[in-house]
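Input: a single structure, listed below in structure tokens.
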Amino acid sequence: MTLVRVALAQEREVDLSITYDAVVVGSGAAGGMAAHVLTSQGMKVLLLEAGKKIPIEQELRSMEWPYEHPRRGEFPPGNHAIRHNEYTIRQPPYAKKTAFKHVYSYVGGWGGSDYVKNILVDEKDHPYTGTRYAWVRARLLGGKTNIWGRLALRLSDYDFKGKTHDGYGEDWPISYSDLEPYYDKVDLSLGISGYKENLPHLPDSLFQRHNKLTASELMLRKGLARMGRTVTPYRAGVTTDGVKNKYRSKCFGRGACGRRPGGCDIHAAFDSPTGLIYPAMDTGNLTLRTNSIAHEILVDPNTGKARGVSFVDSQNHRTYEAKAKVVIVGASTLESARLLLLSKSRQHPNGIGNSSNHVGHNFCEHVMGPGATGLVKDLVGRAPTLDDGRPGGFYLPRFRNLQDKQPGFVRGYGFEGGGGFSIFPDGAFDAPGFGGQFKKTVRDHAGAFISMGGFGEVLARYENYMDLDPMVKDRWGIPALRFHYQFSDNEKKMCEDMATTAREMFEEAGVEVIGVDKEMLTEGWSIHELGTARMGTDPKTSVLNQFQQSHDVRNLFVVDGSSHVSASCQNPTWTIMALAWRSCEHLADEFKRGNL
Ligand SMILES: Cc1cc2nc3c(=O)[nH]c(=O)nc-3n(C[C@H](O)[C@H](O)[C@H](O)COP(=O)(O)OP(=O)(O)OC[C@H]3O[C@@H](n4cnc5c(N)ncnc54)[C@H](O)[C@@H]3O)c2cc1C
Ligand code: SF4
């Protein structure tokens, strides 16, 4: 075991009088990868990040026990986490007219989480409007990667060529074979733990040591094998064997990343600062400016090309310009669309890169909610084992609409789940009795529960879109995003099927079903936003080409999930990084040839 505490990379002084080779907006998975690849190719890069750089280890306090915290990890008084019913019965902006001092998204759980109060945005400063939407944003160096759930999955040609398979939507302008070498590079440089299953619809990664399944999970795996379905250890974007990176450590198996929502203070779980940005700084080619909110991509009036980025300093509220030969946007799917739409000029009156009118459209994500909870009776009363000392439970990959054709819906869904002993005993709230008997019941049953919840593909549809609100602005005077988005019948039918199959699978595996969730969670719950500047071969119906390069402006690239053509049902972050790597290699080649 090595616990790494090294001096952070030397920060270069920001010089806004020079023209950088490239300016990158956003420092999460996408922007971090862009900065990493471009600096490794010798380009001089300025990285603009809207949020602060915070002492993340002190924030996450991964080794703190619940009883060591004055409120067992909950928010201080005056702070509020938006609850599920608030999202469903109220219209955004959800923090409007509230008496609370600070309001945050749901993701810290009810009662909120003290560990993320400086990581999540305060909804009071960052309003959005329109249809209901649970928007989770992390504004700090590294963005959402500081607290992501770590499930790291590849997409397959069932996703990239979805239209060819079932006739719906558009195919991606690339195939799995185009991206496979870049998935491999991401695996090798960042580390991923998992178990090979040889599934055509969920390609294996170059795995490091996998986590063990617990007794109930193994039972489910065996049971579902009889149905031709797979339960595999969580494919975690976590290094279990170590990677060549002085800022990161191997996984100690403490399970702290599973705490609502987690983070890993030794950086065994991938996060963009230690995985990508600090190594990029060590090349001497990266300059970082935090507290820098990009609000316009500047255009050369003679050529129509991008010439830099205008940004507001979040602390002094003053506006500055960063000059660059290439502009790379990686501010996350919704923020990137917002920035493109904000960047109106004579040459680009609908927003930069938006001659197709597709920026902000074709939004897609994952639908969540349905799932099941079960009890394995044979495990009741067993002696406790350390089950949650690992970075995740299990994954049950898609099985619908592969060889079969479902009558009610196209595409598919997978389940994430877990079973066994955990820091807070499952079932404690529902256990009957009181006193000694109650405690015994809780202890006896604690390791016998197993549960799982579905993640289904939301279809990309032009009519699901975001634009700029004409009235509402954020704290810095920048127009807010307005949502026009709702689930369709396909998602509703898919969710009905999820609830049915969750029950069926538990029953087949001999797990007693004690609860089935049928309700769909609010739009946005998955935190897997995609599609607002999609790639394609036709500039009339897409925003970017296969290298995430704007069809309209050849020195503008958008390297985050906004480029995805469809959502797949697999989590997106590993694909975001593989795509960004591929595009930035291409970008650096083109830059050297003078083609940008
Ligand atoms: C609790 C949680 C669990 C998750 N679990 C998983 C999972 O298991 N698997 C998975 O694949 N994904 C998961 N995700 C999603 C994953 O975190 C995202 O897919 C990933 O972080 C996207 O990377 P990104 O760079 O596009 O966006 P982000 O990581 O959000 O980074 C964007 C950055 O851009 C900055 N920015 C925004 N606007 C501007 C601006 N105008 N100017 C300058 N900077 C700006 C932001 O401050 C931020 O730092 C989870 C997310 C959360 C929050
Ligand atoms: S289980 Fe591993 S990845 Fe998760 S917090 Fe512990 S060391 Fe980090």
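In what follows, residues are counted from 1 in the order of the sequence shown. Read the numbers this way: they start at 1 and go in the same order the structure lists the ligands and their atoms.
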Judging by distance only, is a nitrogen or oxygen of [X] under 3.5 angstrom from one on ligand 1?
| X | answer |
| --- | --- |
| Gly149 | yes |
| Ala29 | yes |
| Ala50 | yes |
| Lys144 | yes |
| Val136 | no |
| Val107 | no |
| Ala294 | yes |
| Ile293 | no |
| Asp560 | no |
| Gly143 | yes |

Please identify which atoms of ligand 1 are closer than 4.0 Å to at least one heavy atom of [X].
| X | value |
| --- | --- |
| Thr145 | 21 (O), 29 (O) |
| Ala138 | 46 (C), 47 (O), 48 (C), 49 (O) |
| Leu48 | 43 (C), 44 (N) |
| Ser27 | 33 (C), 34 (O), 49 (O) |
| Arg150 | 7 (C), 8 (O) |
| Leu140 | 47 (O), 49 (O) |
| Gly26 | 33 (C), 34 (O), 35 (C), 44 (N) |

Heavy atom under 4.0 Å from ligand 1: found in [X]'s side chain, backbone, both, or neither?
| X | value |
| --- | --- |
| Ser292 | backbone |
| His528 | side chain |
| Leu151 | both |
| Ser272 | neither |

- Among Leu342, Leu334, Thr573, whose heavy atom sits nearest atom 18 (C) of ligand 1? Thr573
[X] side chain vs [Y] backbone, donor-acceptor pair below 3.5 Å:
| X | Y | result |
| --- | --- | --- |
| Gln208 | Asp241 | yes |
| Tyr128 | Tyr133 | yes |
| His366 | Ser568 | yes |

- Note on the structure: Any protein N, O or S atom under 2.8 Å from atom 4 (Fe) of ligand 2? Found Cys257 SG
- Item | Interfacing atoms of ligand 2 (cut-off 4.0 Å, heavy-atom, Ile266) | 7 (S)
- Query: Hey, which of Lys52, Glu59, Gln58 is the one that makes side chain to side chain donor-acceptor pair (under 3.5 Å) with Asn118?
  - Reply: Glu59
- Query: With Tyr413, which residues qualify under ring-ring contact (aromatic ring centres under 6.0 Å, His included), at least two apart?
  - Reply: Phe399, Phe415
- Note on the structure: Interatomic distance, CG@Leu155 vs CD1@Ile174, rounded to 0.5 Å, equals 9.0 Å
- Task: Flag this pair as yes if the NZ/CZ of Arg137 is under 6.0 angstrom from the six-membered ring centre of Trp135 and inside a 45 degree cone about the axis; otherwise no.
- Result: yes
